[in-house]
Amino acid sequence: MFDKLGKLKIKGDGIIWAVFFILCIISIIEVFSASSGLTYKGGSYFKPMIYHTVLLVVGVVFMIVTMNVKCKYFKLVTPFALLLSLIMLIAVLVVGQTTNGAQRWIDLFGIQFQPSELAKGAVILAEAQILSAMQTVDGADRHAFRYILSVSLPILFLIGIENLSTAGLLFLTILIMMFIGRVPKRQLLRTVGFILVCAAVFIGAIMLLGKSEREAVADDKMVLTEQVEAPQSKSVVEKVFHRFDTWKARIEKFLDFREIPPEEVDLDKDAQVSHANIAIASSNVIGKGPGNSVERDFLSQAFSDFIYAIIIEEMGIWGAFIVCLLYIVLLFRTATIANRCANAFPALLIMGIALLLVTQAMFNMCVAVGLAPVTGQPLPLISKGGTSTIVNCVYIGVILSVSYTAKRKDEVESGKKKKVAMATSRV
């Protein structure tokens, strides 16, 4: 029996497997530690961790299934994934569930599903397919740029209505993929310039049309009074632009560089940022040890958006560095696998997926340490989640599938040499 186990080979790249399982172990430990708020509400100490562990197990099953699919078959999924993404993103704006002021979820058979997670993968699939199909000796055909934008912009718009940070990170991934796919630099530079202008106009619109926190609170009181007297439904414009107030508040807080004395900090008004800073400052470099966090009891979304702050508090600077290093290893190892691929599609696909995961991870870390405005981005493969946990496992499965099934350059070259040798021997 042990001889048979010793002969078993792990499919896919061993380093990717190692990074994945280390992140999963860190996830289970930190979610268990950071879910004290859920424990208090649910009355069960182990329930949040068990639920998260079950989701990870389900994700691993999906990952293994995906890993055993040959990478050439991923192309067949692209049109169906794009169509389903568009339908679900439109549906979430109409009948979606609202959580923490954002309408991003659809309830399917009692399970909350976030369509944007599926849409991100669909866009990466489509872009990889377009870039690989339109490669020439001098790089990607100039028309590839137009096709990529025509596919991605509608999805980016629908995602950005309720989740601007996700749309922004996805668009950043699209641009980096186009650079890797050798899209003409002139087109990329024009796009970057256009984006900067649009971003300036958009931020100006947010600051002009959005309401400050005091105005929003006053308006909410008036709306509640009016609804009691005569209930009114929101207009389409109000549904689309209701996030302006939230975005304006976050921008104002992030750009407020005033030094506030500790005794004047409003822990109720700026609870997330304040308690995240306390968690980091109280780590004393070496950390308090797993399970010994104090700020988890006060930090909202400690198990999700701000779990990196809890990691720093418990594991110290070294623990935080190791977590950051794991994502960097994931990116560079994926780049190594992509460089070995004989065909462009699998290489571009896994690079897009790795960039998607790593950019989100780095942005989450920046938010936790105060280098970026507060958003709702979880830490991939570590934060407690539902849809995102399973989808991220599927993404890792795609990388493992390419590392296991994609044709390699050395295999193609050795095949050519054999053919030449056989032809020479016949002569």
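No side-chain donor from either of R142 and Q187 sits under 3.5 Å from a side-chain acceptor of the other. With hydrogens and angles left out, the side-chain atoms of T66 and N68 include no donor and acceptor closer than 3.5 Å. Q129 and T78 share a side-chain donor-acceptor pair at under 3.5 Å. In this structure, a donor-acceptor pair under 3.5 Å is present between the side chains of S33 and E314.
Taking the six-membered ring for Trp and thresholds of 30 and 60 degrees, F21 and W17 have nearly parallel ring planes, at less than 30 degrees apart.
Going from atom CD1 of I307 over to atom CD1 of I312 covers 12.0 Å, rounded to the nearest 0.5 Å. Here R186 contributes atom CZ and T191 contributes atom OG1; the two are 12.5 Å apart, rounded to the nearest 0.5 Å. Atom-to-atom distance recorded for L76:CG and F74:CZ is 10.5 Å, nearest 0.5 angstrom. From H275, atom NE2 reaches atom CZ of F306 across 11.0 Å, with rounding to the nearest 0.5 Å. The distance from the CG atom of L175 to the CE atom of M178 is 4.5 Å, given to the nearest 0.5 Å. The distance from the CG atom of L348 to the CD atom of Q135 is 6.5 Å, given to the nearest 0.5 Å.
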Inset, instruction - With side-chain hydrogen bond (donor to acceptor under 3.5 Å, both in side chains) as the test, would you mind laying out the steps for Q377 and S165 before giving the verdict? - result: CA-CA 7 Å; Q377 293 297 323; S165 59; 2.8 Å; yes

Inset, instruction - Output, in order, the C-alpha distance, side-chain angles, deciding distance and verdict of side-chain contact (heavy atoms from CB on, under 4.5 Å) for L125 and F345. - result: CA-CA 9 Å; L125 270 169; F345 172 72; 4.2 Å; yes

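Between the side chain of D13 and the backbone N or O of I15, at least one donor-acceptor pair lies under 3.5 Å. Judged purely by atom type and a 3.5 angstrom limit, T387 uses its side chain to pair as donor or acceptor with the backbone of Q114. At least one donor-acceptor pair under 3.5 Å links the side chain of Y395 to the backbone N or O of G121. In this structure a side-chain-to-backbone donor-acceptor pair under 3.5 Å is missing from S283 to A279. Side-chain N or O atoms of S85 include one that pairs as donor or acceptor with a backbone N or O of A81 at under 3.5 Å. Of the possible polar contacts, one joining the N392 side chain to the S388 backbone as a donor-acceptor pair under 3.5 Å is found. Judged by distance alone, the side chain of T405 and the main-chain N or O of C71 form a donor-acceptor pair under 3.5 Å. S152 places no side-chain N or O within donor-acceptor distance of the main-chain N or O of V123, the cut-off being under 3.5 Å. With hydrogens and angles ignored, the 3.5 Å screen pairs no side-chain donor or acceptor of Y308 with any backbone N or O of C324. A donor-acceptor contact shorter than 3.5 Å links the side chain of N364 to the backbone of D305.
Within the 4.5 Å cutoff, the side chain of I155 has heavy atoms near those of the L82 side chain. Using a 4.5 Å heavy-atom threshold, the side chains of I311 and I382 count as touching. Between L400 and F20 there is no side-chain heavy-atom pair separated by less than 4.5 Å. Between M88 and L84 there is a side-chain heavy-atom pair separated by less than 4.5 Å. Side-chain contact between V151 and Y147 is absent, with no heavy atoms from C-beta onward closer than 4.5 Å.
Environment of CZ in F62: sparse, with no more than 12 heavy atoms of neighbouring residues, nucleotides or ligands closer than 6.0 Å.
In this structure, V69 and V65 approach most closely via the heavy-atom pair CG2-O, 3.4 Å.
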